[in-house]
Amino acid sequence: MPIRIYDTLTRSKREFVPVTPGRVTMYVCGMTVQNKPHVGHIRSSLSAEVMRRYFEHRGQEVLYAYNFTDVDDKIIERANAEGIEYAGVSERNIDAYLRFADLHNIRRATVYPRATQHIGEMHAMIAQLIASGHAYAADGDVYYDVRSKADYGKLSGRRVDELREGYRIEPGEAKRDPLDFALWKGAKPGEPAWPSPWGPGRPGWHIECSAMAMKHLGETIDIHGGGQDLIFPHHENEIAQSEACSGKPFANFWAENGLVNLGGAKMSKSDGNFFFIEDIASRVDPEVTRFYLLSTHYRSPIEFSLERLQEAGVAYQRLRTPLERAGAWTAPEGSAPGGALGEAVAEADRLFHEAMDDDFNSAQALGHLFDLARAVNRALDEGGGADAIQSARALYRLGGILGLFWTAPAGESWPAEVLELAAARVQARKDKDWKRSDEIRNALAELGVLVEDGSQGQKLKRK
RNA sequence: GGCGGCAUAGCCAAGUGGUAAGGCGAGCGCCUGCAAAGCGCUUAUUCCCCGGUUCGAAUCCGGGUGCCGCCUCCA
């Protein structure tokens, strides 16, 4: 079954065929590490990571590069404000990114290339672009000449001649055309700088991605990701300079993810406005955040709010409950269930893959998981047995393809106070003292403990 | 102004020609001492509006309205 992916460049969904059979190359424009990671970084990382997981599930080898832009104006600005080296700022934020990615079960990329580690590769590209007439040096800067190739603007649908007033040339910039962009920026006093044939300076924003993608993944990569806000100018410029160098298509599929919408509130970390991942992670179970992000197609915008996340928490628990009932995390693998239950499992499996094959439609795939969850619950209600447990295992496996269900239920250890109350309630129920039983249940609720009476007796749950 | 996207039930959200997934919420029922969880049923004759193509459109085309993103750094 072929996987189909929507491509921004051709504005169409096409069957995915990797450049090299059996091997998929993915490049994602990651963070410019000028600050702590925000929700948008998690979304684009997750979108790409789910593709990566699914390709691997489908038996492909995946080479996945996620880059860090570790030197730019704002990083320097911040470092100066703090009186430290630029690298101090970037290292700290890279660490934070990796930590929160781990927390949300986002698997590590194959490689995390950094701009400052590829200065040589960038120089080689820039030199080649100058030699072939696509770039020019001016006053210590080097600019890409957007008019040097007729197809500039093909990704974002822009035409060079449509540029309007308002593109002001910064003082000191010697661009021939306002849309020309810096490949190399001459160093201003006090800035970190690397020597180059055009004088000391640092890389422009776009060239790094071309250089790093080509170095680590080849001249034509299969899938290029990142947020939709990067389509112009970043990705547009990557295409221009890369294809001017190699003469080959830079990426076969442009799979940019939709942006995170924070509602009316402007991005500020004050009251209730989730902007940084740490703000979310401190209030929302990372598994729920991951589930929530997956419940909307990766290309659609998504709203982030505490309310939405809390709703997602309820919905996600619906998926986890049958797993917890069946002990899916520790149950040994067995033979597939038969009968109607077996059919329900096979159907969910088929539809799940169908949805994922269609441009990684995790929202639709999740819908089929809910259907399977109901079938599992029903089987469990009807007495369970090996078949019910194996159907729960199937649900667990399918969710696992999306990287869900990674936390096994905690082996709860309760404070003595709670255990005493619980024991008292068991006795009260034995005595059919319903009034006292309910009182104790309320008392436990005050302590944040839920009591559920089932056929196996009384169960305690947190929250 | 230019480019692009989106408008589906109270809310969230799938669905690119064949007669509206799924979740939350709400209601009824089963189960339960009562709850919770779970199960069953109900909750869009209809997909922003107006035309058109078609045997047939939420899905295609034209027009309109509304919202959003990008055009400056941004995942």
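Just so we're on the same page: letters track the sequence lines, and every chain starts at 1.
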### Query
Would you call the rings of A:Phe68 and A:Tyr112 parallel, tilted or perpendicular if under 30° counts as parallel and over 60° as perpendicular?
parallel
### Task
Would you mind reading off the distance between A:Leu369 atom CG and B:C24 atom P, rounded to a whole angstrom?
14 Å
### Euclidean distance, A:Leu366 CG relative to A:Gln364 CD, rounded to 0.5 Å
11.0 Å
### Query
Could you state the CZ-P distance from A:Phe370 to B:C24, rounded to the nearest angstrom?
6 Å
### Sorted by number, the residues of residues 424-442 of chain A with heavy-atom contact under 4.0 Å to RNA chain B
A:Arg425, A:Arg429, A:Trp434, A:Ser437, A:Asp438, A:Arg441
### Query
Do A:Pro203 and A:Lys185 have side-chain heavy atoms sitting under 4.5 Å apart?
no
### Query
Just the dot-bracket of RNA chain B, please: which string comes out with Watson-Crick or G-U pairs under 3.5 Å, [ ] for crossing, | for another strand?
((((((((.[[[..)..(...]]]((((((.......))))))....[[[[[..)....]]]]])))))))....
### Message
Check this one for me: any side-chain N or O of A:Asn257 less than 4.0 Å away from OP1 or OP2 of B:A75?
### Response
no
### Message
Just to be sure I understand the rule, does A:Leu230 reach a base, reach only the sugar-phosphate, or reach nothing, if contact means heavy atoms closer than 4.0 Å?
### Response
sugar-phosphate
### Task
Among the candidates B:C39, B:G23, B:A36, find the nucleotide nearest to the side-chain atoms of A:Ala315.
B:G23
### Query
Yes or no on side chain to side chain donor-acceptor pair (under 3.5 Å) for A:Glu256 and A:His235, after CA distance, side-chain angles and deciding distance?
CA-CA 10 Å; A:Glu256 287 102 348; A:His235 289 173; 2.7 Å; yes
### Summary
From CG of A:Leu460 across to C1' of B:A37 the rounded distance in Å is 14 Å
### Message
So for A:Asp72 and B:C73, does any side-chain atom that can act as donor or acceptor lie under 3.5 Å from a complementary atom in the base?
### Response
no
### Query
When you measure from the side chain of A:Asn105 to the backbone N and O of A:Gly403, does any donor-acceptor pair fall under 3.5 Å?
yes
### Query
So what does A:Lys74 hit on the nucleic acid, given a heavy-atom distance under 4.0 Å: a base, only sugar-phosphate, or nothing?
base
### Query
Does OP1 or OP2 of B:G40 have a side-chain N or O of A:Arg374 closer than 4.0 Å?
yes
### Message
Between A:Arg92 and A:Asp95 (salt bridge meaning N to carboxylate O under 4.0 Å), is one present in this structure?
### Response
no
### Message
Using atom P in both nucleotides, what's the gap between B:C34 and B:C47 to the nearest angstrom?
### Response
45 Å
### Task
Report the distance from atom CD of A:Glu256 to atom P of B:G4, rounded to the nearest whole Å.
15 Å
### Message
Whole angstroms only, please: what is the CD-P distance between A:Gln310 and B:G25?
### Response
12 Å
### Task
Compute the ring centroids of A:Phe276 and A:Phe100, then answer whether they are less than 6.0 Å apart.
no
### Query
Counting side-chain heavy atoms from C-beta on, which of B:A75, B:G33, B:C39 comes nearest to A:Asp453?
B:G33
### Query
Can you tell me how far P of B:A36 sits from CG of A:Asn377, to the nearest Å?
16 Å
#### Entry: Sidechain N-carboxylate O distance under 4.0 Å for A:Lys13, A:Asp359
no
### Task
With the side chain counted from C-beta on, respond yes when A:Phe360 and A:Arg299 share a heavy-atom pair under 4.5 Å apart, and no when they do not.
no
### Message
Within the 4.0 Å heavy-atom criterion, would you say A:Gly225 contacts the bases, only the backbone, or no part of the nucleic acid?
### Response
nothing
### Query
When the nearest nucleotide of RNA chain B is assigned to A:Thr321 and to A:Asp371 on a heavy-atom basis, which residue is associated with the more 5' position?
A:Asp371
### Message
In this structure, how many angstroms lie between the P atom of B:C70 and the CD atom of A:Gln228, rounded?
### Response
10 Å
### Task
Could you pick out which residue, A:His206 or A:Val314, lies toward the 5' side of RNA chain B when each is mapped onto its nearest nucleotide?
A:Val314
#### Entry: Whole-Å gap separating C1' (B:G22) and CG (A:Leu319)
10 Å
### Query
With a 4.0 Å cut-off on heavy atoms, is A:Arg378 in touch with a base, just the backbone sugar-phosphate, or nothing at all?
sugar-phosphate
### Message
Can you build the contact string for nucleotides 7-15 of chain B? Use B for base contact, S for sugar-phosphate-only contact, and - for no protein heavy atom under 4.0 Å.
### Response
----SSSSS
### Task
Classify the nucleic acid contact of A:Val28 as base, sugar-phosphate or nothing, counting any heavy atom under 4.0 Å across all strands shown.
nothing
### Task
Look at the side-chain N and O atoms of A:Arg318 and state whether any lies under 4.0 Å from the OP1 or OP2 oxygen of B:C39.
yes
#### Entry: Residue from A:Arg441, A:Arg436, A:Lys435 passing side-chain hydrogen bond (donor to acceptor under 3.5 Å, both in side chains) with A:Asp438
A:Arg441
### Task
Could you give the distance separating B:C41 and B:G64 at their P atoms, to the nearest angstrom?
46 Å
### Message
Taking B:G23 as the reference, what is the distance to B:A9 when you measure between their C1' atoms (whole Å, please)?
### Response
13 Å
### Query
What nucleotide, of B:C39, B:A37, B:A75, holds the atom closest to the side chain of A:Cys29?
B:A75
### Query
After noting the C-alpha distance and the side-chain angles of A:Tyr97 and A:His41, does the key distance pass the ring-ring contact (aromatic ring centres under 6.0 Å, His included) rule?
CA-CA 8 Å; A:Tyr97 169 82; A:His41 295 124; 7.2 Å; no
### Message
Whether the side chain of A:Ser437 engages the backbone of A:Arg425 through a donor-acceptor N/O pair (distance < 3.5 Å, no angle test) should be reported.
### Response
no
### Task
Could you measure between the two P atoms, the one in B:U46 and the one in B:A21, and give it in whole Å?
15 Å
### Query
Are the charged groups of A:Arg99 and A:Glu278 less than 4.0 angstrom apart, N to O?
no
